[in-house]
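Each remark here refers to the structure printed beneath this line.
Here, residue 1 is the first one in the sequence, and each next residue gets the next number.
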Amino acid sequence: MAVLKQPPPSKKTTPRKPTLILTNPQMVAEHTPCTMHLSILPLQLASKLFYSLEQSSRDWQRNKWWLFDRLVESPHRTAFFVRKTDGVSDDETWHESAQYWYNGRKTDPPDVFSSEMEEACEIIERLVTDEIRRRPYRYPLEWAGGGVDSTNDLIWRANVAASNRYEGRNESVGWHSDHMTYLGPHCTIGTRRMFSLRETVPLHETEIRGAQTFNIPLPHNSLVIMHASCQERFKHSVPPQSAMDVYRPTHPRIPGGPIEPFNCRINITFRFYRPDFKPPSIPLCKCGIPTVLRPDMKNQRDGQEGKYWWTCFAGAQNDGKSCGMWKVMDMEAEGRGPTVGSMQQTGASSSSSSTEQLQNTRR
């Protein structure tokens, strides 16, 4: 007599690794393509920056967009800021002709960096540049800055900032990866909140390992730099929490005044609008809206292989309707750069030419 048995699963499932809490900068650097930096700003500047943004953020708006045929609203408030110059030249009109778009819609002209944000920006620019120079490997499509071997120029500049206000323990942002057009480090001021990273496992590895989530507790006055390959390999979020600490600045809002308690966290994402990716250079879709740049996350190989494509994002605002346009990004054909890869090729070509000339001379 045959014994009835449960049929075997049609597809082998790979167990997911347990969530790992990364409590210090060493653990963050070991497990992710990020670096964490604590107490990055002088204490008084950190307090002044918090007070400035806390006051202005009371009037910030919640973004709305279409998702799967329904209108949704972000569970936090957002604002955008722009620097007077792009950090590469002294031209203060560079952003006047730029078209700022968010979730498929044109935004109002952003505010200029405040004096506190400008002061913080200068500190962060130098820190990010130093961290980039310390990394053992730079990816081919990274911006080459003032030259791969230069030690005087800043490789990375902060000329745009996106700021989010998370009120209390329930305001959050779900899993996502940022559009590749504008990227930068995340600076946190205010109460401690969890910052989560989750791997997107490439297709060629799905049968041998599962994704892992990393939780990073970020205290006030901390900075996370999401280095090259992070957006291609990870999604991130700020999840709701069951409890949270009350934040008290180290300095009063007014000299001699009381220290006020706060339960909000303000995140500033400083971004570098690369000169070769300025808004006028971004392709338009058939809707007439600037496309967004996305990585092929499922076919990445440690950020070194994989394609990027421009895709229509008008559906986020156009009642969920999109023209469906997309095309693969071609750095050379689109005239973008210089990149680390192109500079290395130029250097190798120059070295080869010099060697050939030396050999001819010897003959």
Side-chain angles (χ1 to χ4, degrees), residues 25 35-60 77-95 98 100 109-134 145-146 151-166 182-193 195 218-226 247-257 259-260 262 264-275:
T35 52
M36 179 171 72
H37 308 267
L38 305 176
S39 301
I40 57 160
L41 303 178
L43 296 180
Q44 187 170 10
L45 173 59
S47 294
K48 288 169 59 180
L49 180 59
F50 175 80
Y51 286 131
S52 170
L53 291 177
E54 192 280 326
Q55 182 67 37
S56 64
S57 65
R58 300 175 188 180
D59 298 323
W60 294 356
R77 283 172 280 177
T78 300
F80 289 85
F81 300 88
V82 64
R83 211 170 187 181
K84 287 185 178 180
T85 71
D86 64 358
V88 180
S89 69
D90 293 329
D91 181 14
E92 294 190 9
T93 65
W94 74 277
H95 58 279
Y100 291 89
D111 293 330
V112 175
F113 280 14
S114 65
S115 58
E116 295 87 359
M117 193 178 291
E118 186 72 38
E119 190 175 348
C121 177
E122 292 178 2
I123 295 172
I124 292 172
E125 280 182 326
R126 177 52 57 192
L127 174 62
V128 173
T129 292
D130 290 344
E131 281 298 313
I132 291 174
R133 295 192 192 283
R134 288 193 191 101
T151 56
N152 297 320
D153 297 331
L154 291 171
I155 294 175
W156 186 91
R157 285 94 167 177
N159 45 31
V160 170
S163 298
N164 297 319
R165 174 178 175 134
Y166 299 94
Y182 317 118
L183 300 176
H186 297 252
C187 175
T188 294
I189 50 178
T191 186
R192 178 188 298 265
R193 286 294 296 265
F195 179 67
L218 291 182
H220 167 67
N221 199 12
S222 60
L223 176 77
V224 168
I225 304 176
M226 303 175 77
Y247 164 64
R248 290 180 172 82
T250 58
H251 291 72
R253 188 188 298 268
I254 301 173
I259 299 292
E260 309 168 54
F262 295 92
C264 71
R265 172 208 182 194
I266 296 178
N267 169 269
I268 310 169
T269 302
F270 286 105
R271 294 173 173 170
F272 177 28
Y273 272 29
R274 283 171 50 163

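Two residues are said to be in side-chain contact when any heavy atoms from C-beta on lie closer than 4.5 Å; Met117 and Arg83 fail this criterion. Here the side chains of Leu49 and Ile268 are in contact, with some heavy-atom distance below 4.5 Å. Using a 4.5 Å heavy-atom cutoff, the side chains of Arg134 and Thr35 are not in contact. Residues Leu53 and Ser114 are not in side-chain contact: their nearest non-hydrogen atoms beyond the backbone lie 4.5 Å or more apart.
Atom CD1 of Ile124 sits about 11.5 Å away from atom OG1 of Thr129, to the nearest 0.5 Å. Between Ile123 atom CD1 and His37 atom NE2 the span is 13.5 Å, to the nearest 0.5 Å. Atom NE2 of His251 is separated from atom OG of Ser47 by 6.0 Å, given to the nearest 0.5 angstrom. Put simply, OG on Ser56 and CZ on Arg77 are 10.5 Å apart, with the number rounded to the nearest 0.5 Å. Distance CG/Leu43 to NE2/His220: 7.0 Å, rounded to 0.5 Å. One finds the CZ atom of Phe113 at 11.0 Å from the CD atom of Glu122 (value rounded to the nearest 0.5 Å).
Smallest separation of non-hydrogen atoms from Ile259 and Pro252: CD1-N, 3.4 Å. Residue Phe81 comes nearest to Val112 through the heavy atom pair CD2-O, 4.2 Å, listed as atom of the first residue, atom of the second, then distance. For the pair Trp60 and Thr78, the tightest heavy-atom approach, listed with the atom from each and the gap, is CB-O, 3.5 Å. Closest approach of Arg193 to Tyr166, counting heavy atoms only: NH1-CB, 3.9 Å. Considering all non-hydrogen atoms of both residues, Met36 and Pro25 come closest at O-CB, 3.4 Å.
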Side chain to side chain contact (heavy atoms under 4.5 Å, CB included) assessment of Glu54 paired with Glu260
CA-CA 12 Å; Glu54 192 280 326; Glu260 309 168 54; over 6 Å; no

Before giving the answer on side chain to side chain contact (heavy atoms under 4.5 Å, CB included), spell out for Leu154 and Arg126 the whole-Å C-alpha distance, their side-chain angles and the decisive distance to 0.1 Å.
CA-CA 7 Å; Leu154 291 171; Arg126 177 52 57 192; 3.2 Å; yes

I'd like to know whether Cys264 forms a side chain to side chain contact (heavy atoms under 4.5 Å, CB included) with Phe50, so could you lay out the CA-CA distance, the side-chain angles of the two residues, the decisive distance to 0.1 Å, and finally the verdict.
CA-CA 10 Å; Cys264 71; Phe50 175 80; 3.9 Å; yes

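Using cut-offs of 30° and 60° on the angle between ring planes, the pair Phe262 and Tyr247 is tilted. Ring orientation note: the planes of Phe272 and Trp156 are nearly perpendicular, at an angle over 60° on the 30°/60° scale.
Under 3.5 Å, the side chains of Ser39 and Asn221 contain no donor-acceptor pair of N or O atoms.
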